[in-house]
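To keep things clear, I will list the structure first and then write my remarks on it.
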Amino acid sequence: MPELPEVETTRRGIAPSLIGKAITEVRIRNGKLRWPVDYQLPEFLPGQTLLALERRAKYLLFRFEHGVLIGHLGMSGSLRIVPQAHPPQTHDHIDLVFGEQALRLRDPRRFGAMLWHSGDPMQHPLLSHLGPEPLQDTFNGDTLYQSLRTRQAAIKLAIMDAHIVVGVGNIYASESLFLAGIRPTTPAHRLSRARCTRLAEAIKTILSRAIEAGGSSLRDFFHADGQSGYFQQQYAAYARTGEACRHCNTPIRQIQQGQRSTFYCPKCQR
DNA sequence: AAATAATCCTGCGGGC
DNA sequence: TGCCCGCAGGATTATT
């Protein structure tokens with residue numbers, strides 16, 4: 001499931017071979033993603049050069065000469081560079097062809113998106129109200145503390161809210177709270193400034209680590225034509241229900257918060 | 001404004 | 001072997 005590190009890994013993996021190249025063809029085999037893909041894409045995109053590939057939250061921004069393609073991988077999406085003529089498999093919905101190479105979107109669950117927007121992407125309704133990027137200085141202990149002051153909700157839910165900070169999904173929310181030693185059920189506004197600093201740092205550390213891990217497997221990931229999937233990280237809490245905490249051996253506990261599973265160590269996290 | 005629930009969709013594992 | 005069921009999950013949208 002792509003969280004911010006996987007999206008960033010994807011961006012870094014595909015950018016070098018595509019930037020500066022022009023689209024020669026667009027193939028839409030199934031445009032029924034989260035929102036219908038503009039069926040006129042194959043008409044107006046060819047001929048345009050990819051100027052830059054950026055990321056905002058978990059959105060990928062493909063900047064072209066006359067607009068931007070806003071991509072999202074949803075829960076099951078992946079982007080791969082394949083030979084242009086490579087036979088598509090089930091769930092390979094869209095090809096952006098750049099000469100002999102194609103950028104292929106695969107998304108079994110079709111929660112992803114591919115939206116054309118002419119104009120400033122940051123003004124797009126999906127992007128305009130987003131909170132700070134976790135790896136930038138605009139997100140730190142002080143800003144986190146301030147944004148949590150009015151929040152009664154559990155801290156796990158708060159850090160998964162894109163108004164507070166973007167890019168923290170279910171997996172890394174549990175991992176960050178474990179690293180910070182904070183119980184996921186703690187009401188957000190009860191966290192001291194010091195604990196907010198600790199948590200902000202933990203989020204940065206966890207996400208950075210995951211990006212590095214992704215980077216180390218980039219070569220395998222992008223040159224494999226099978227589906228090796230994303231680099232599997234060693235998690236401290238996530239999906240380790242009943243297993244021994246790596247620090248104190250206490251069994252990891254699993255609870256439900258907001259219809260999502262949360263994992264934590266009842267001893268290390270208070 | 002904030003909290004909660006419903007929703008989109010498919011693959012997979014467990015139980016029988 | 002195969003069917004049914006529950007679960008997984010990002011983020012928008014609607015509702016309270």
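The sequence lines fix the lettering, A, B, ..., with proteins before strands; numbering per chain opens at 1.
In terms of phosphate contacts, A:S261 brings a side-chain nitrogen or oxygen within less than 4.0 Å of OP1 or OP2 of C:dA8. For the pair A:Q259 and B:dA5, the criterion of a side-chain N or O lying under 4.0 Å from OP1 or OP2 is met. Dashed line: the shortest gap from a side-chain N or O of A:H163 to OP1 or OP2 of B:dA1 is not under 4.0 Å.
Picking from B:dA2, B:dC9, C:dT13 the nucleotide with the shortest atom distance to the side chain of A:R151 gives B:dA2. Side-chain proximity of A:T150 to the nucleotides B:dA2, C:dT12, B:dC8 is greatest for B:dA2. Here the side chain of A:L126 is nearest to one of B:dG11, C:dG10, C:dT12, namely C:dT12. Of the listed nucleotides (C:dA8, B:dA3, C:dG10), C:dG10 has the atom at the smallest distance from the side chain of A:R34. Of the listed nucleotides (C:dA8, B:dG11, C:dA11), C:dA11 has the atom at the smallest distance from the side chain of A:H72. In this structure, the nucleotide among C:dT12, B:dA3, B:dC9 sitting nearest to the side chain of A:R109 is B:dC9.
Where A:Q256 and A:Y59 each meet DNA chain C at their nearest nucleotide, the meeting point lying more 5' is that of A:Q256.
In terms of polar N and O atoms assigned as donor or acceptor, the side chain of A:R260 comes within less than 3.5 Å of the base of C:dG10 in a complementary pairing.
Residues A:E6 and A:K58 are not paired through a salt bridge, judged by the lack of any N-O separation under 4.0 Å between the basic side chain and the carboxylate. We find that A:D161 and A:R151 are joined by a salt bridge, their nearest charged nitrogen and carboxylate oxygen being less than 4.0 Å apart.
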**Asked** Can A:D142 and A:R193 be said to form a salt bridge (Lys or Arg N to Asp or Glu O under 4.0 Å), step by step?
**Response** CA-CA 7 Å; A:D142 289 335; A:R193 192 175 287 266; 2.9 Å; yes
**Message:** Run A:E54 and A:R11 through salt bridge (Lys or Arg N to Asp or Glu O under 4.0 Å) and show every step you take.
**Reply:** CA-CA 7 Å; A:E54 296 159 12; A:R11 189 190 70 78; over 6 Å; no
**Request:** Evaluate salt bridge (Lys or Arg N to Asp or Glu O under 4.0 Å) for A:D95 paired with A:R29, printing each intermediate quantity in order.
**Result:** CA-CA 8 Å; A:D95 286 352; A:R29 282 177 290 272; 2.8 Å; yes
Short heteroatom pairs, N/O only, protein and nucleotides 14-16 of chain C, under 3.5 Å:
none

